[in-house]
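Step one of this worksheet: look at the structure below.
One-based numbering along the sequence shown. Every number for a ligand or one of its atoms is a count from 1 in the order of the listing.
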Amino acid sequence: FLSLSLQAKMSRPVQARRLEGIDKNIWVEFVKLAATYSTVNLGQGFPDFPPPDFLKEAFVRALSRENHMLHQYTRAFGHPPLVKILAQFFGKLLGRDLDPMTNVMVTVGAYQALFCCFQAFVDEGDEVIIIEPFFDCYEPMVKMAGGMPVFVPLRPKAPKDGKLMSSADWQLDPAELASKFSERTKAIVLNSPNNPLGKVFSRGELELIADLCVKHDILCISDEVYEWLVYDGKEHIRIASLQGMWDRTVIIGSAGKTFSATGWKVGWTVGPNRLLQHLRTVHQNSVYHCATVAQEAVAQGFQRELEHYGKPDSYFVQLPKELQEKRDWLVQSLDAVGMKPIIPEGTYFLVADISEFKSDVPDVPDSDEPYDSRFAKWMVKNKGLAAIPLSAFYCESHKNNYNHFIRFCFAKEEATLKAANDILQKWKREKTSP
Ligand code: PMP
């Protein structure tokens, strides 16, 4: 009996090779830290305020309606009312007729949309260009699909006249970008507005990327989850609307970001059927389906927004207005203590320079861990304030080039932002009066 049970213990390796090197994840670590220490959490990207009433009410209505079929499976590639309204809404934005059944697919958050894209398009050895800093899951997702991520950084330019830096000061070097395209390039991932910097790519920058996509005949995976969160009158331009791009672009969106309901995990893809048909294959053979009730509520949310499109009471007008005030408040608060903010043009993130605080958290020159990561951990434990190190948004070999910044999320209630300000002010006072 004993020898049998010894035999039964597995000794062969259990991990699939595709998971090698991607098992560590920054979020697991930082979410745990924020939960362990009593913190003001400006780390992970989610609002601590509720979604709009019309959306919550739509969910409750969907739950309690006579139609109990809303508790059952719906169409695998998207609940019909949701794909219909998304086709109508994005058709209007893109100025083209969209077929709800073939040009739209609903996913479990934008996260699953990304997963479907990499699984559907990337073969062993294919290269995928990723612009740094990037939403961290792109890299492991490309690798899991057997692909090779190729990184190209946004390079910061010093602002003029001692002004604060803006996310617009972080730019691609056109020659460097062009040099990354090769015979093996299959796709580029574009994320505008960009997490973590808040950069909103200009028309000129998008045209540069689009021209290279057309020239090299490659796909564009366009992560536009922050499409409504743009400030100072800036415009979010959809790369799919540029010459030659519709046919090669998958647009990715998220109800989590759009309606401040990240826990619902409703996302979507919009694009030509020639591309979406392959996303449907991955979706069909992985998650198959997303929660029906949440899809129904999001459909009603979009219906409401279509009726209020461009009007002052549209949520897509109100939310950025409110967030811009929060952004300005945090910019001012960080600037006052000398944690220099990079003013974001979009998203609900703000990256700040921690150089002036370096003496509080001494450097360990030979450590493998980037300085900003140690700084962020120290700050959670010692100051009760959570933020995410910018190096988490860079590939391994570039992490140490950008290791003196941390990212704050400002989609937070006034009280949360004030509590963060109090911590920073107190810290500053302790620094100046020994
Ligand atoms: N893309 C980006 C750039 C994001 O920041 C996020 C969420 N942080 C996602 C995709 C995932 O969105 P969802 O919550 O809808 O899966």
Side-chain angles (χ1 to χ4, degrees), residues 25-28 30-31 34 41-48 51 55 78 82 86 104-119 128 130-142 149 154 167 187-201 220-230 236 238-239 249-270 279 282-283 286-287 290-291 294-295 297-298 301-302 319 323 344-351 386-388 390 392-394 407-412:
N25 186 292
I26 173 91
W27 300 108
V28 177
F30 275 88
V31 168
N41 191 355
L42 304 192
Q44 212 182 352
F46 59 85
D48 69 351
L55 193 80
L82 181 55
L86 285 173
V104 181
M105 184 179 86
V106 176
T107 53
V108 180
Y111 226 94
Q112 194 228 336
L114 288 161
F115 183 79
C116 284
C117 285
F118 296 122
Q119 289 294 318
V128 176
I130 296 176
I131 299 168
E132 289 177 314
F134 60 91
F135 180 46
D136 60 294
C137 73
Y138 302 156
E139 180 181 4
M141 282 198 192
V142 168
L154 288 163
S167 55
I188 183 167
V189 187
L190 172 70
N191 172 216
S192 181
N194 163 276
N195 173 13
L197 276 178
K199 180 182 173 66
V200 177
F201 283 67
C220 179
I221 300 167
S222 184
D223 180 342
E224 304 184 23
V225 299
Y226 301 104
E227 61 194 319
W228 299 107
L229 308 185
V230 288
H236 168 61
R238 293 175 174 77
I239 197 164
T249 302
V250 175
I251 300 172
I252 293 177
S254 163
K257 310 294 175 179
T258 299
F259 288 115
S260 310
T262 57
W264 291 18
K265 290 300 288 185
V266 175
W268 55 83
T269 58
V270 173
L279 302 187
V282 179
H283 184 75
S286 50
V287 305
C290 319
Q295 291 192 64
V298 172
F302 267 104
L319 180 64
L323 285 171
E345 309 153 273
T347 75
Y348 45 48
F349 300 114
L350 187 162
V351 171
I388 305 292
L390 187 68
F393 303 90
Y394 283 86
R407 188 201 76 174
F408 293 98
C409 171
F410 57 83
K412 304 292 173 188

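Atom 8 (N) of ligand 1 has Lys257 NZ, 3.0 Å as its closest protein atom, hydrogens excluded (heavy atom only). Nearest non-hydrogen protein atom to atom 12 (O) of ligand 1 is Ala110 CB, 3.4 Å. Lys265 NZ, 2.7 Å is the protein heavy atom nearest to atom 16 (O) of ligand 1. Looking from atom 3 (C) of ligand 1 to the surrounding protein, the closest heavy atom is Asp223 OD2, 3.3 Å.
The closest non-hydrogen atom to atom 15 (O) of ligand 1, taken over Cys137, Gly256, Ser254, comes from Ser254.
By the 4.0 Å N-to-carboxylate-O rule, Glu227 lies too far from Lys257 to be salt-bridged with it.
Taking 4.5 Å as the limit, every side-chain heavy atom of Val250 sits out of range of all side-chain heavy atoms of Ser222.
Counting heavy atoms closer than 4.0 Å to ligand 1, residue Phe135 contributes side-chain atoms (C-beta onward) but none from N, CA, C or O.
Look at Asn191 and you'll find a heavy atom under 4.0 Å from some atom of ligand 1. The shortest heavy-atom distance from Tyr226 to ligand 1 is under 4.0 Å.
Closest of all the heavy-atom pairs between Ala110 and Val225 is CB-CG1, 3.4 Å.
Taking the six-membered ring wherever Trp is involved, the centroid distance between the rings of Phe259 and Trp228 does not fall below 6.0 Å.
Neither side chain, Tyr348 nor Asn195, offers a donor N or O lying under 3.5 Å from an acceptor on the other.
Under the 6.0 Å distance and 45° angle rule, Lys199 counts as a cation-pi partner of Phe201.
Ring geometry, Tyr138 versus Phe134: the interplanar angle falls under 30°, so the pair is classed parallel (tilted spans 30 to 60°).
Polar contact with ligand 1: present for Asn195 (N/O pair, distance under 3.5 Å).
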